[in-house]
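One structure is given here, and the rest of the page talks about it.
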Amino acid sequence: MDINLPDVVAEVTAAFERYEAALVSNDVEVLDVLFWNSPHTLRYGASENLYGYDAIREFRAGRSSQGLARRVLRTAITTYGRDFATANLEFQRDGSDRIGRQSQTWMRTPQGWRVVSAHVSLMT
């Protein structure tokens, strides 16, 4: 298996950066597009467990747009072949000393790269 093919890393990095920009600006439409529209998609948040695309979309629609700014401390993107990737990020919210972690599994679909699994947690 080919790990980190440069063209695939560039594609996933672009999708990931689009996601990050949408996240901190609360661009719900883009966030919805970047998650795989499937009942198999899941997202474990800092305080919620969401199973299926519809639950994730509903959560995003009701989430406050306040306090989303954050500083990215470290990002690691790894691609496996041409159709699968992971993206991991360490972050710190403005005004907080806690370190957050975000993990995403990305899959190439006919519509483009989509998040199929995501996890967000905060270190104490």
Side-chain angles (χ1 to χ4, degrees):
M1 175 177 295
D2 293 315
I3 306 296
N4 287 341
L5 293 166
D7 61 320
V8 180
V9 171
E11 291 173 9
V12 174
T13 299
F16 179 81
E17 290 174 349
R18 183 178 179 210
Y19 179 92
E20 181 66 17
L23 183 68
V24 298
S25 67
N26 202 38
D27 188 337
V28 175
E29 184 177 324
V30 170
L31 293 171
D32 287 346
V33 164
L34 291 175
F35 271 83
W36 184 37
N37 188 348
S38 168
H40 302 292
T41 303
L42 66 88
R43 180 184 178 277
Y44 292 152
S47 62
E48 69 283 341
N49 294 334
L50 305 170
Y51 297 93
Y53 176 83
D54 290 339
I56 296 166
R57 189 182 65 204
E58 185 177 314
F59 168 78
R60 291 270 188 234
R63 185 179 70 158
S64 171
S65 62
Q66 302 300 309
L68 298 177
R70 64 188 192 174
R71 184 168 47 100
V72 174
L73 304 175
R74 184 175 182 163
T75 303
I77 294 174
T78 306
T79 64
Y80 306 87
R82 303 200 71 78
D83 301 321
F84 185 80
T86 58
N88 293 279
L89 173 100
E90 290 180 35
F91 65 89
Q92 192 168 29
R93 294 255 180 236
D94 291 352
S96 174
D97 59 353
R98 296 177 74 186
I99 302 297
R101 298 171 291 184
Q102 171 183 303
S103 299
Q104 299 168 332
T105 304
W106 290 78
M107 178 177 72
R108 184 191 303 274
T109 71
Q111 297 76 33
W113 285 97
R114 298 296 184 262
V115 175
V116 298
S117 178
H119 182 222
V120 179
S121 61
L122 294 169
M123 297 175 65
T124 55

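Starting from 1, each residue takes its place in the sequence as its number.
At least one side-chain heavy atom of L31 sits less than 4.5 Å from a side-chain heavy atom of R63. Taking 4.5 Å as the limit, some side-chain heavy atom of R70 sits within range of a side-chain heavy atom of E20. Inter-residue side-chain proximity for T75 and I77 is flagged as met; some heavy-atom pair is nearer than 4.5 Å. A 4.5 Å side-chain heavy-atom check between N4 and T78 finds at least one atom pair inside the cut-off. Residues Q104 and N88 are not in side-chain contact: their nearest non-hydrogen atoms beyond the backbone lie 4.5 Å or more apart. For the pair R93 and F91, the minimum side-chain heavy-atom distance is below 4.5 Å.
Across every non-hydrogen atom of A87 and W106, the tightest pair is CB-NE1, 3.8 Å. Nearest heavy atoms, V30 versus A22: CG1-CB, 3.6 Å. In terms of heavy-atom proximity, L5 sits nearest to G81 at CD1-O, 4.0 Å.
Salt-bridge check for D2 with R82: failed, with every basic side-chain N at 4.0 Å or more from each acidic carboxylate O.
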Please table the atom pairs, donor to acceptor, closer than 3.5 Å between any side-chain atom in residues 116-124 and protein atoms at least two apart or in another chain.
residue : atom : partner : partner atom : Å
S121    : OG   : R101    : NE           : 3.4
S121    : OG   : R101    : NH2          : 3.4

Under 3.5 Å donor-acceptor pairs involving side-chain atoms of residues 33-40, not counting sequence neighbours:
residue : atom : partner : partner atom : Å
S38     : OG   : H40     : N            : 2.9

Side-chain donor-acceptor distances from residues 45-52 under 3.5 Å, at least two apart:
residue : atom : partner : partner atom : Å
E48     : OE2  : R43     : NH1          : 2.4
Y51     : OH   : Y44     : OH           : 3.2

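Under the 4.5 Å side-chain heavy-atom criterion for ILVMFWY residues, a single connected hydrophobic cluster contains both V115 and F59. Follow the hydrophobic side-chain contacts under 4.5 Å out from L23 and you reach I56 in the same cluster.
Under the salt bridge (Lys or Arg N to Asp or Glu O under 4.0 Å) criterion, no residue pair touches residues 27-40, with sequence neighbours excluded.
Evaluation of the salt bridge (Lys or Arg N to Asp or Glu O under 4.0 Å) rule for R108 yields E11, D83 as partners, not counting sequence neighbours.
From Y19, atom OH reaches atom CZ of R114 across 13.0 Å, with rounding to the nearest 0.5 Å.
Cluster note: Y80 groups with M1, I3, F84 through ILVMFWY side-chain heavy atoms spaced under 4.5 Å, whether in direct contact or through intervening members.
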